[in-house]
Amino acid sequence: MSETLRTQVGIIGAGPAGLFLARLLHLNGIESVIVETHTRQYIESRVRAGVLEQGTVDLMAEMGVGDRLKREGMAHEGVGFCFNRRRHRINFKELTGRSITVYAQHEVIIDLVASRLASGGPLLFEAEAMKLEGLDGTAKSKPAIHFRHQGEEKQVVCDFVAGCDGFHGIARAAVPAGMLKAYTRIYPFGWLGILAAAPPSNNELIYANHESGFALLSMRTPEISRLYIQVDPDDDIANWPDDRIWEQLRRRLAFDGFKLNEGPVLQKGITPMRSFMAEPMQWGRLFLAGDSAHIVPPTGAKGLNLAVADVQVLSRGLAEYYASRKTDLLDRYSDICLRHAWNAQRFSWWLTQLLHRPPGDADFDCRRQVAELEYMVQSRAASMAFAENYVGLPLRMD
Ligand code: RFL
Ligand code: PHB
């Protein structure tokens, strides 16, 4: 007989979506079990996002997991754009009253894993979900996650399954054929990202549009820079020795009075870029959240923040269900999240096409991009439109 765990909500994946959800449910008195295929060490060191919207920062504080973020996170009140060898600044704080915080995704994971384990909530590492069943929502079906852990087949029997297992997970694939519609856009460029032991060259992020391609200056700590350049998505990282990366960064981020700080490259890799949306985000007793339901290109820094928005809606819907057996909010989960996610998708697509060099003969587009960037930094209305999207539009639950 395989071991059976019983809980209210079975969560697949200990990324931002799964860990935020588990914490929010715990605060509402709802039990959950998380199964995560990787080790704790792996998820706590994987280099991913860096930018948290103020709503995400505020939520971490409300959830009682914001102390280190408050101490170590770097609040940014604006962002730079570099084009035609000049740098311009958009001031979020003045335009929107809000700001963003730079705090690495793996630090968020470290904080949430610690709080989960401290609260005694089950979080199984090296536990790979293999198969889901009983999801169709009929009275006779009981949802279950079958997983492999410590060489044994086990299962979590639950009321609901949260598919927080990222783009390559099994949850989305468990929805019967024809029940989901996917919307996809693949971009003809990728990001080569490095972590470097060099103090950030600027106190705020700088997004650059350059004839050699996009570049982004970001950071992780006062000692560590995070930098990206646009490359061919099929390029091999072996073609990019450190000197070549620095040469491109110096070229693309050049503007008067700026000097790029350089240092040893600690980590590097190439990520392809895609937009993806699966509709709806619910099937029966299965709810998809975060990257399992949608992927945005990283230019708008929205992916993690969208995962957090999804699970805020889901946790409220589940809280309503367990308090009153009402499913009003759960029934609207998909519509509420998709409206919010499509807007982030639109914004991320727009910023991506504005900043990246299209392949081939694209002289017209290059001039058009610069005209739009000029307009964005000169016009208060256009600066505002950028700023309010970048800091994060409110999550509407109506
Ligand atoms: P994750 O983080 O992929 O977590 C999914 C978890 O599920 C586990 N898993 C399974 N566990 C058990 N059984 C299975 N069968 C499983 N299959 C998968 C995985 O091991 C994993 O631990 O998804 P989640 O939680 O939805 O979170 C999404 C975010 O990670 C993602 O959107 C962001 O990283 C995107 N992103 C950014 N988002 C921002 O908000 N701000 C940013 O500044 C930002 N920058 C970025 C980014 C993503 C990037 N890359 C690498 C794609 C920069 C980059 C370069
Ligand atoms: C990052 O710091 O990793 C980062 C910042 C801004 C983005 C994407 C990634 O748009």
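Atoms within each ligand, like the ligands themselves, are counted from 1 in listed order. Positions are given from 1 along the sequence.
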Open item on the list: Determine whether any protein heavy atom is located less than 4.0 Å from atom 8 (C) of ligand 1.
Closed with: yes

Task: Side-chain donor-acceptor pair present, Asp328, Tyr321, cut-off under 3.5 Å - done: no

Give a yes or no on whether the ring-centroid distance for [X] and [Y] is below 6.0 angstrom.
{"X": "Phe81", "Y": "Phe255", "value": "no"}
{"X": "Phe276", "Y": "Tyr183", "value": "no"}
{"X": "Phe125", "Y": "Tyr42", "value": "no"}
{"X": "Trp191", "Y": "Phe214", "value": "yes"}

Task: Among Leu132, Asp159, Leu330, the one residue meeting side chain to side chain contact (heavy atoms under 4.5 Å, CB included) with Arg285 - done: Asp159

Open item on the list: Does Arg86, at its CZ atom, have more than 12 non-hydrogen atoms belonging to other residues, nucleotides or ligands within less than 6.0 Å?
Closed with: no

Task: Atom CZ of Arg332 with >12 non-hydrogen neighbours under 6.0 angstrom - done: yes

Min heavy-atom dist [X] to ligand 1 below 4.0 Å:
{"X": "His168", "answer": "no"}
{"X": "Ala171", "answer": "no"}
{"X": "Phe147", "answer": "no"}
{"X": "Gly50", "answer": "yes"}

Is any N or O atom of [X], backbone or side chain, closer than 3.5 Å to an N or O atom of ligand 1?
{"X": "Pro16", "result": "yes"}
{"X": "Glu128", "result": "no"}
{"X": "His38", "result": "yes"}
{"X": "Gly290", "result": "no"}
{"X": "Leu304", "result": "yes"}
{"X": "Ile12", "result": "no"}
{"X": "Glu36", "result": "yes"}

Task: Residues which pass ring pair (Phe, Tyr, Trp, His ring centres under 6.0 Å) with Tyr333, listed by chain and number, not counting sequence neighbours - done: Phe287

Considering heavy atoms of the protein only, find what lies nearest to [atom] and give residue, atom and distance to 0.1 Å.
{"atom": "atom 4 (O) of ligand 1", "answer": "Gly15 CA, 3.4 Å"}
{"atom": "atom 45 (N) of ligand 1", "answer": "Ala49 CA, 3.3 Å"}
{"atom": "atom 48 (C) of ligand 1", "answer": "Arg48 NE, 4.4 Å"}
{"atom": "atom 52 (C) of ligand 1", "answer": "Thr271 CG2, 3.7 Å"}
{"atom": "atom 25 (O) of ligand 1", "answer": "Ala17 N, 2.9 Å"}
{"atom": "atom 30 (O) of ligand 1", "answer": "Gln105 NE2, 2.8 Å"}
{"atom": "atom 18 (C) of ligand 1", "answer": "Asp165 O, 3.2 Å"}
{"atom": "atom 14 (C) of ligand 1", "answer": "Ala129 N, 3.8 Å"}

Report the part of [X] in contact with ligand 1, treating N, CA, C, O as backbone and CB onward as side chain, heavy atoms under 4.0 Å; options are side chain, backbone, both, neither.
{"X": "Ala127", "result": "backbone"}
{"X": "Asp291", "result": "both"}
{"X": "Lys302", "result": "backbone"}
{"X": "Phe167", "result": "neither"}
{"X": "Arg274", "result": "neither"}
{"X": "Leu306", "result": "neither"}

Should [X] and [Y] count as side-chain neighbours, where that means a heavy-atom distance under 4.5 Å?
{"X": "Glu262", "Y": "Leu249", "result": "no"}
{"X": "Pro143", "Y": "Phe160", "result": "no"}
{"X": "Asp232", "Y": "Phe189", "result": "no"}
{"X": "Arg226", "Y": "Gln267", "result": "yes"}
{"X": "Trp342", "Y": "Phe347", "result": "no"}

Open item on the list: Please compare Val51, Leu192, Thr37 and report which has the shortest non-hydrogen distance to atom 11 (N) of ligand 1.
Closed with: Thr37

- [ ] Mind checking side-chain contact (heavy atoms from CB on, under 4.5 Å) for Ile224 and listing every partner two or more places apart, or none if nothing turns up?
- [x] Leu195, Arg220, Thr221, Leu266

Considering the heavy atoms of [X], write down every atom of ligand 1 situated less than 4.0 Å from one of them.
{"X": "Cys164", "answer": "5 (C), 6 (C), 7 (O)"}
{"X": "Tyr228", "answer": "53 (C), 55 (C)"}
{"X": "Gly303", "answer": "32 (O), 35 (C), 38 (N), 39 (C), 40 (O)"}
{"X": "Val35", "answer": "11 (N), 12 (C)"}
{"X": "Ala301", "answer": "39 (C), 40 (O), 41 (N), 42 (C), 43 (O)"}
{"X": "Arg46", "answer": "21 (C), 22 (O)"}

Taking all non-hydrogen atoms of both residues, which atom of [X] and which atom of [Y] are closest, and how far apart?
{"X": "Ser292", "Y": "Gly163", "result": "OG-O, 2.8 Å"}
{"X": "Gly263", "Y": "Ala196", "result": "O-CB, 4.3 Å"}
{"X": "Ser212", "Y": "Arg251", "result": "OG-CD, 3.1 Å"}

Open item on the list: Ring-plane angle category for Phe83 and His88, please: parallel below 30°, perpendicular beyond 60°, tilted otherwise.
Closed with: parallel

Open item on the list: Filter on side-chain hydrogen bond (donor to acceptor under 3.5 Å, both in side chains), then keep only pairs touching residues 307-319, sequence neighbours left out; what's left?
Closed with: His294-Asp310

Task: Protein residues having a heavy atom less than 4.0 Å from any atom of ligand 2 - done: Arg48, Gly50, Val51, Trp191, Leu205, Tyr207, Leu216, Ser218, Arg220, Arg226, Tyr228, Pro298, Thr299, Ala301

Task: Gln248 side, atom CD; Ile229 side, atom CD1 - distance, nearest 0.5 Å - done: 5.5 Å

Task: Test: Arg346 cationic atom under 6.0 Å from Trp349 six-membered ring centre, within 45° of axis - done: no

